[in-house]
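Here the structure is a predicted model, which means the values were calculated and not measured. By convention in this document, chain letters (A, B, ...) are assigned in the order of the sequence lines, proteins followed by strands, and residues within each chain are numbered from 1.
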Number of protein chains: 2
Amino acid sequence: MGEPQVKKHDVFQAIADPSRRRMLKLLADGEMPITTISGHFPMSRTAVSKHLRILSEAGLVKERKVGRENRFRLDPEPLSELQQWYSYFDRFWENKMAALQHLVESAEAAK
Amino acid sequence: MGEPQVKKHDVFQAIADPSRRRMLKLLADGEMPITTISGHFPMSRTAVSKHLRILSEAGLVKERKVGRENRFRLDPEPLSELQQWYSYFDRFWENKMAALQHLVESAEAAK
DNA sequence: TTGATATAAAACCATTTGGTTGTATATAAT
DNA sequence: ATTATATACAACCAAATGGTTTTATATCAA
């Protein structure tokens with residue numbers, strides 16, 4: 001077993017920023033270098049790089065050096081922590097069927 | 001139609017803080033005044049009050065004056081925005097069945 | 001009425017956050 | 001070899017965050 005992996009930034013804090021949420025959705029389209037990502041945001045490449053660092057520390061993106069590029073790709077796995085926390089409040093929905101209904105509807109809305 | 005309701009704090013930012021996440025779980029047990037809530041946290045009552053203000057602005061808690069007390073209760077509804085955002089990444093799980101499996105497991109874990 | 005209780009509100013503070021610009025370095029293209 | 005590209009890194013900055021203490025106000029209890 002490795003180190004306990006103390007994350008400086010957790011997933012909740014990582015997705016608190018709207019720019020970072022947009023970056024994750026953008027990266028859902030596939031791996032891309034910082035310059036490409038940067039083209040989608042009204043801020044400096046350095047600022048984008050800092051956001052990606054935070055996402056990386058939360059385990060939500062992985063990086064890979066290719067030539068002079070640094071390519072990023074999404075790793076959605078840590079988002080399951082979100083799902084798990086959220087599920088604590090499931091009992092506040094009418095019943096299981098309503099919860100599933102809700103899930104399906106939101107899945108549709110996200111298409 | 002009323003005002004567009006510009007929220008100063010959104011649900012993502014509200015749950016970014018671990019103390020606020022604990023407060024929401026605590027309030028899942030039912031309505032309670034600030035003093036009671038405050039008893040569960042190693043910080044001043046004023047600090048707790050500020051956190052509750054942020055949760056209130058995000059629509060996650062409702063307050064009600066009863067005598068000299070100010071009682072807070074959970075309103076989980078805005079959490080559905082979380083669920084909706086999360087669902088965008090559903091396609092990264094193997095398939096729908098795996099997603100449901102995952103949902104059920106996390107629901108179990110939260111019991 | 002005199003305290004005690006529950007809370008709000010204001011002022012203050014250190015640290016973090018989200019951004020900038022400027023400089024340096026490695027790689028690729030001509 | 002020279003130039004252009006992709007990025008990292010450091011220094012800086014204003015505003016937001018998460019906390020404190022102090023002061024004030026309303027309500028309940030004796």
Side-chain angles (χ1 to χ4, degrees), chain A residues 6-27 29-74 78 85, chain B residues 6-27 29-74 78 85:
Chain A
V6 174
K7 287 181 198 160
K8 191 181 174 195
H9 288 104
D10 68 17
V11 67
F12 291 95
Q13 200 245 322
I15 67 164
D17 184 87
S19 297
R20 285 195 292 269
R21 287 198 298 278
R22 291 216 296 126
M23 284 177 199
L24 291 178
K25 280 202 175 185
L26 179 60
L27 286 172
D29 291 342
E31 190 181 65
M32 58 188 83
I34 295 190
T35 307
T36 304
I37 301 171
S38 186
H40 292 76
F41 295 87
M43 64 180 77
S44 70
R45 193 185 28 66
T46 302
V48 170
S49 189
K50 284 188 181 182
H51 281 305
L52 289 168
R53 185 68 43 221
I54 288 169
L55 290 172
S56 177
E57 283 168 1
L60 286 163
V61 301
K62 301 298 175 197
E63 33 192 325
R64 179 170 68 107
K65 219 37 187 325
V66 176
R68 58 184 157 176
E69 291 184 338
N70 196 1
R71 296 189 190 159
F72 286 83
R73 71 177 184 283
L74 176 68
W85 180 81
Chain B
V6 174
K7 285 182 200 160
K8 191 182 173 193
H9 288 104
D10 69 15
V11 66
F12 292 95
Q13 200 244 323
I15 67 166
D17 184 88
S19 296
R20 286 196 290 270
R21 287 199 299 278
R22 290 215 298 125
M23 284 177 200
L24 291 178
K25 281 203 176 186
L26 179 60
L27 286 172
D29 290 342
E31 190 182 64
M32 58 187 82
I34 295 189
T35 307
T36 305
I37 301 170
S38 187
H40 292 76
F41 295 86
M43 66 181 74
S44 70
R45 193 186 25 69
T46 302
V48 170
S49 187
K50 284 188 180 180
H51 280 304
L52 289 169
R53 184 70 40 222
I54 289 171
L55 290 172
S56 178
E57 283 168 1
L60 287 163
V61 301
K62 301 299 176 197
E63 34 191 324
R64 178 171 69 106
K65 216 42 185 326
V66 176
R68 59 186 156 176
E69 291 184 340
N70 196 1
R71 296 190 191 159
F72 286 82
R73 71 175 182 284
L74 176 69
W85 179 81

- prompt: Judged by atom type as modelled, is there a donor-acceptor pair below 3.5 Å linking the side chain of Arg21(A) to the main-chain atoms of Ala16(A)?
  reply: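 Yes; judged by distance alone, with no hydrogens or angles, the pair exists.
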For [N], take OP1 and OP2 only and decide whether either is under 4.0 Å from a side-chain N or O of [X].
X        : N       : result
Thr46(A) : dT20(C) : no
His51(A) : dG19(C) : yes
Ser49(A) : dA8(D)  : yes
Asn70(B) : dA6(C)  : no
His9(B)  : dT17(D) : yes

Any chance you could measure [X], atom [atom1], to [Y], atom [atom2], to the nearest 0.5 Å?
X        : Y        : atom1 : atom2 : result
Ile37(A) : Arg71(A) : CD1   : CZ    : 11.5 Å
Lys50(B) : Ser44(B) : NZ    : OG    : 8.0 Å
His9(B)  : Leu55(B) : NE2   : CG    : 10.0 Å
Gln13(B) : Gln13(A) : CD    : CD    : 10.5 Å
Phe72(B) : Glu31(B) : CZ    : CD    : 10.0 Å
Ser38(B) : Met23(B) : OG    : CE    : 8.0 Å

- prompt: In residues 13-25 of chain B, which ones come under 4.0 Å of DNA chain C, going by heavy atoms?
  reply: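 Those residues: none at all.
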field: Leu27(A)/Arg73(A) under side-chain contact (heavy atoms from CB on, under 4.5 Å): CA gap, chis, key distance, verdict
entry: CA-CA 6 Å; Leu27(A) 286 172; Arg73(A) 71 177 184 283; 5.8 Å; no
task: Please evaluate the base of dT7(D) for a donor-acceptor partner in the side chain of Arg68(A) within a cut-off of under 3.5 Å?
output: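 There is none.
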field: Heavy-atom closest contact (Ile34(B) atom, Ser49(B) atom, distance)
entry: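 Heavy atoms only, the tightest pair is CD1-OG, 4.0 Å.
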query: For the residue pair Leu60(A) and Pro78(A), what are the closest heavy atoms and their distance?
result: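 So the minimum-distance heavy-atom pair works out to CD2-CB, 4.0 Å.
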Specify the separation, in whole Å, of atom [atom1] of [X] and atom [atom2] of [N].
X        : N       : atom1 : atom2 : answer
Arg45(A) : dT25(C) : CZ    : C1'   : 13 Å
Phe41(B) : dT20(D) : CZ    : C1'   : 18 Å
Arg71(B) : dA6(C)  : CZ    : C1'   : 12 Å
Arg53(A) : dG18(C) : CZ    : P     : 15 Å
Glu69(B) : dT27(D) : CD    : P     : 13 Å
Phe12(A) : dT17(D) : CZ    : P     : 18 Å
Met43(B) : dT17(D) : CE    : P     : 16 Å
Asp10(B) : dT17(D) : CG    : P     : 10 Å

- request: Enumerate the residues from residues 29-39 of chain B whose closest heavy atom to DNA chain D is under 4.0 Å, giving them by residue number; use none for an empty result.
  value: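 Heavy-atom contacts with DNA chain D come from no residue of residues 29-39 of chain B; none.
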- prompt: So which one's nearest nucleotide on DNA chain D is more toward 5', Lys65(A) or Lys50(A)?
  reply: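 So the residue in question is Lys65(A).
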query: How would DNA chain D look in dot-bracket form, 5' to 3', counting Watson-Crick and G-U wobble pairs with both distances under 3.5 Å and writing | for bases paired to another strand?
result: ||||||||||||||||||||||||||||||
message: Here's a test for you: under side chain to side chain donor-acceptor pair (under 3.5 Å), which of Glu63(B), Arg64(B), Lys65(B) qualifies with Asn70(B)?
response: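 Between Asn70(B) and the candidates, side chain to side chain donor-acceptor pair (under 3.5 Å) is satisfied uniquely by Glu63(B).
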